[in-house]
Amino acid sequence: MAAATGDPGLSKLQFAPFSSALDVGFWHELTQKKLNEYRLDEAPKDIKGYYYNGDSAGLPARLTLEFSAFDMSAPTPARCCPAIGTLYNTNTLESFKTADKKLLLEQAANEIWESIKSGTALENPVLLNKFLLLTFADLKKYHFYYWFCYPALCLPESLPLIQGPVGLDQRFSLKQ
């Protein structure tokens, strides 16, 4: 999250959008899973990524998926925050292109909203960092098609910041 520039008394809450960063190891692991486990199964699968919010100013916030994305119990790298997502792997390019992306987005947004309303997001804030990944892997030609989605809540325009943003290094010790 970032504050809008201008008068600090009139700053508004804003979200910094993620960029996708898919490691080549992710595609290798998806290929192995598709061939040996998923086969023609198009059911949604849970996956895990991470982001790091300590990059220099001006660099986009990126959500990274690597070979360990399919292991939900894999440790998150040091100084990174986990993000839980859903993989929808299609069997044909046509089903990839015609997938109802709006419906998938609405379902993910509803899951986030329900976790807020029920209070489970307070116990497990990772539920607020949901993402979707729609893929088609053409394993004969080694072509991979994907669509990333990061649902976020739409806040009213008139929502001011009560307190200015504070850097993590100012709020937490190095040990924390």
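Model, not experiment: these values are computed from the prediction.
The shortest side-chain heavy-atom distance between Leu139 and His143 does not fall under the 4.5 Å cut-off. Residues Trp27 and Tyr146 meet the side-chain proximity criterion, which asks for heavy atoms closer than 4.5 Å. With a 4.5 Å cut-off on side-chain heavy atoms, Glu66 and Tyr50 count as touching.
Relative to the six-membered ring of Tyr150, Lys130 misses at least one condition, a distance below 6.0 Å or an angle of at most 45° to the axis.
Using a 4.0 Å cut-off between charged nitrogen and carboxylate oxygen, Lys117 and Glu114 count as a salt-bridge pair.
Checked options Leu30, Leu133, Leu63; the residue passing with Leu22 is Leu133 (criterion: side-chain contact (heavy atoms from CB on, under 4.5 Å)).
Heavy-atom contacts from other residues, nucleotides or ligands closer than 6.0 Å to NZ of Lys101 number more than 12.
With sequence neighbours left out, the side-chain hydrogen bond (donor to acceptor under 3.5 Å, both in side chains) criterion links Asp138 to no other residue. With sequence neighbours excluded, the residues that form a side-chain hydrogen bond (donor to acceptor under 3.5 Å, both in side chains) with Tyr51 are Asn129.
Minimum heavy-atom separation, Ile84 to Met72: CD1-CE, 3.8 Å.
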- request: Please step through side-chain contact (heavy atoms from CB on, under 4.5 Å) for the pair Phe96 and Thr135, ending with a clear verdict.
  value: CA-CA 7 Å; Phe96 171 80; Thr135 62; 5.5 Å; no

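How far CZ of Phe70 is from CD of Glu29: 6.5 Å, rounded to the nearest 0.5 Å. To the nearest 0.5 angstrom, Leu105 atom CG is 12.0 Å from Leu134 atom CG.
Between Asn89 and Glu42, the side chains place no donor N or O within less than 3.5 Å of an acceptor N or O (distance only, hydrogens not considered).
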